[in-house]
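Just below is one structure, and these are the notes that go with it.
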Amino acid sequence: MASISKAVIPAAGLGTRFLPATKAMPKEMLPVVDKPAIQYVVEEAVAAGLTDVLMVTGRNKTALENHFDRVAELEYTLEAKGDLAKLKRVNESTDLADIHYVRQGDPKGLGHAVLRARMHVGHEPFAVLLGDDLIDARDPLLSRMIEEQQKRNATIVALLEVDPDSIHLYGAAAVEATDEEDVVRITGLVEKPAKEHAPSNLAIIGRYVLKPEVFDVLEQTEPGKGGEIQLTDALQVLAADEASGGVYGVVFRGRRYDTGDKIDYIKAIVQLACEREDLGPELRPWLRSFVGTIDE
Ligand code: UTP
């Protein structure tokens, strides 16, 4: 079976929930403490052994390309000052992976963005990572998904148990148990269902290991919810197609930071900063005393 070496990161959405911050840069470039969200995601792909990264970009692609490119002037200035710690931080994003770019054109949905990866990916299985979800490096999810993909030759998605009151924000999965405690077979998927129509409270989060068959299905997928070509709709077709190997979900029980909307983004920054050795010791006591001053 073909091994997996490529990661696709769609970053062409309009990011309307973060306007005006996203007027001139993609939301994937918003900093989470001191790194753009997308750098955490590229680091995660590299940690899972995927060093060939394709970014699907939109109208504001320059900021992304610049972030992963050399900035000679900055390097020279830091070197001249002898500030090697900062120089190292600057070079980390430059040397991380072999990064390629493709344009989406019109942002017609996540499914459409993934379809733009077809030429680059070819006939191998590949990973898709969304910058909206940050997965803690201590809880490796992607390698577990890759392992299952290689074992089952199936499509693999990441699932998270969420509060039933939040399931309308996600794609929800109907599932059957398998012989693995953390793996379920997906029998159906519904994009952003109302609570009473949700088949379970298992939500799809932003990690996928897909087979190249998904491209043919996406070609045929009509715009769905929100007038967008939905990846979930294509996965629903694959789930019903035994010949494609079906769709399985790895149930993630580790630490995930949602950066997709404003409140969750703020929570993610506070959580991550509190845990950081360089920031936590000063931030934690301040936060405790600040909380004491807040009225509900
Ligand atoms: P979202 O629906 O969360 O992103 O897409 P959005 O549309 O940019 O956000 P809002 O709702 O307007 O604030 C999930 C992921 O899919 C990418 C986004 O960049 C994000 O990583 N995406 C979405 C694309 O690459 N192209 C699209 O056409 C839509």
Side-chain angles (χ1 to χ4, degrees), residues 7-32 35-45 53-65 67-68 99-121 126-135 142 157-158 160 162 166-172 189-193 203-208 210 214-215 218-219 221-235 256-266 268:
V8 173
I9 305 182
L14 294 177
T16 54
R17 283 169 288 177
F18 283 93
L19 283 168
T22 47
K23 195 174 163 195
M25 75 175 181
K27 74 169 169 191
E28 287 77 6
M29 280 300 294
L30 288 172
V32 178
K35 268 194 289 192
I38 198 155
Q39 187 175 333
Y40 290 87
V41 173
V42 175
E43 284 170 357
E44 183 189 336
V53 174
L54 177 73
M55 290 187 189
V56 184
T57 60
R59 67 204 153 92
N60 294 321
K61 71 167 195 164
T62 328
L64 270 170
E65 286 192 345
H67 182 72
F68 292 100
I99 301 183
H100 309 265
Y101 301 89
V102 64
R103 280 273 199 172
Q104 187 181 5
D106 285 334
K108 291 189 202 159
L110 176 59
H112 182 253
V114 170
L115 188 52
R116 297 291 296 133
R118 183 172 206 159
M119 283 282 280
H120 183 84
V121 166
F126 63 104
V128 173
L129 298 90
L130 304 189
D132 288 10
D133 283 318
L134 301 187
I135 301 295
L142 192 56
V157 302
L160 183 77
V162 300
S166 313
I167 195 72
H168 66 283
L169 301 170
Y170 299 88
L189 289 166
V190 194
E191 182 64 18
K192 302 194 169 73
I204 301 188
I205 56 169
R207 298 292 178 274
Y208 309 81
L210 303 176
V214 74
F215 295 127
L218 283 169
E219 294 272 12
T221 304
E222 296 289 332
K225 219 160 204 159
E228 296 194 335
I229 298 176
Q230 300 286 356
L231 181 59
T232 308
D233 291 343
L235 295 175
R256 165 203 180 230
Y257 312 94
D258 186 350
T259 59
D261 77 11
K262 275 183 269 197
I263 284 287
D264 289 327
Y265 171 72
I266 293 164

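Ligands are counted one by one from 1 in listed order, and the atoms in each one are counted from 1 as well.
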Heavy-atom contacts with [X] under 4.0 Å: which atoms of ligand 1 show up? List them by number with element.
| X | result |
| --- | --- |
| P107 | 28 (O) |
| Q104 | 24 (C), 25 (O), 26 (N), 27 (C), 28 (O) |
| E28 | 18 (C), 19 (O), 20 (C), 21 (O) |
| A113 | 24 (C), 25 (O), 26 (N) |
| K108 | 28 (O) |

With a 4.0 Å cut-off, would you call [X] and [Y] a salt bridge?
| X | Y | result |
| --- | --- | --- |
| R17 | D261 | no |
| K27 | D132 | yes |
| D258 | R256 | yes |

Which residue supplies the protein heavy atom nearest to [atom], what is that atom called, and how far is it?
| atom | value |
| --- | --- |
| atom 14 (C) of ligand 1 | D132 OD2, 3.9 Å |
| atom 7 (O) of ligand 1 | L14 N, 4.0 Å |
| atom 16 (O) of ligand 1 | L110 CD1, 3.6 Å |
| atom 2 (O) of ligand 1 | R17 NH2, 4.4 Å |
| atom 9 (O) of ligand 1 | K27 NZ, 3.2 Å |
| atom 24 (C) of ligand 1 | G13 N, 3.4 Å |
| atom 25 (O) of ligand 1 | A12 N, 2.9 Å |

task: Counting heavy atoms only, name the option from G109, G15, G206, G260 that's nearest to atom 8 (O) of ligand 1.
output: G15
Minimum non-hydrogen distance to atom 10 (P) of ligand 1, winning option of I38, T16, V8: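 Comparing heavy atoms across I38, T16, V8, the nearest one to atom 10 (P) of ligand 1 lies in T16.
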- request: Applying side-chain contact (heavy atoms from CB on, under 4.5 Å) between V102 and each of L54, T57, V8, report the one that passes.
  value: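 Looking at L54, T57, V8, the match for V102 under the side-chain contact (heavy atoms from CB on, under 4.5 Å) is L54.
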field: The single option from V41, L110, T259 passing side-chain contact (heavy atoms from CB on, under 4.5 Å) against L130
entry: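 Testing each of V41, L110, T259 against L130, the sole residue satisfying side-chain contact (heavy atoms from CB on, under 4.5 Å) is L110.
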task: Can you measure from NE2 (H67) to CE (M25) and round to the nearest 0.5 angstrom?
output: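 Answer rounded to 0.5 Å: 11.5 Å.
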- prompt: Roughly how far apart are L14 CG and K23 NZ, rounded to 0.5 Å?
  reply: 14.0 Å
- request: For H112 and ligand 1, answer yes if some heavy atom of the residue is under 4.0 Å from a ligand atom, otherwise no.
  value: no
task: Determine, using heavy atoms of V56 and all atoms of ligand 1, whether some pair is separated by less than 4.0 Å.
output: no
query: So, for atom 5 (O) of ligand 1, does the protein have a heavy atom nearer than 4.0 Å?
result: no
- request: Evaluate the criterion ring pair (Phe, Tyr, Trp, His ring centres under 6.0 Å) for residue pair Y40 and Y257; output intermediate values, then yes/no.
  value: CA-CA 11 Å; Y40 290 87; Y257 312 94; 8.5 Å; no
- prompt: Side chain or backbone of D261 under 4.0 Å from ligand 1, or both, or neither, by non-hydrogen atoms?
  reply: neither
message: Over 60° means perpendicular and under 30° means parallel, so tell me whether F126 and F215 are parallel, tilted or perpendicular.
response: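 Answer is parallel, since the angle falls under 30°.
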field: H112-Q104 side chain donor-acceptor pair, cut-off 3.5 Å
entry: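 Yes, side-chain donor-acceptor contact under 3.5 Å.
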task: Go through the steps for R207 and E44 under the test side-chain contact (heavy atoms from CB on, under 4.5 Å), then give the verdict.
output: CA-CA 11 Å; R207 298 292 178 274; E44 183 189 336; 2.7 Å; yes
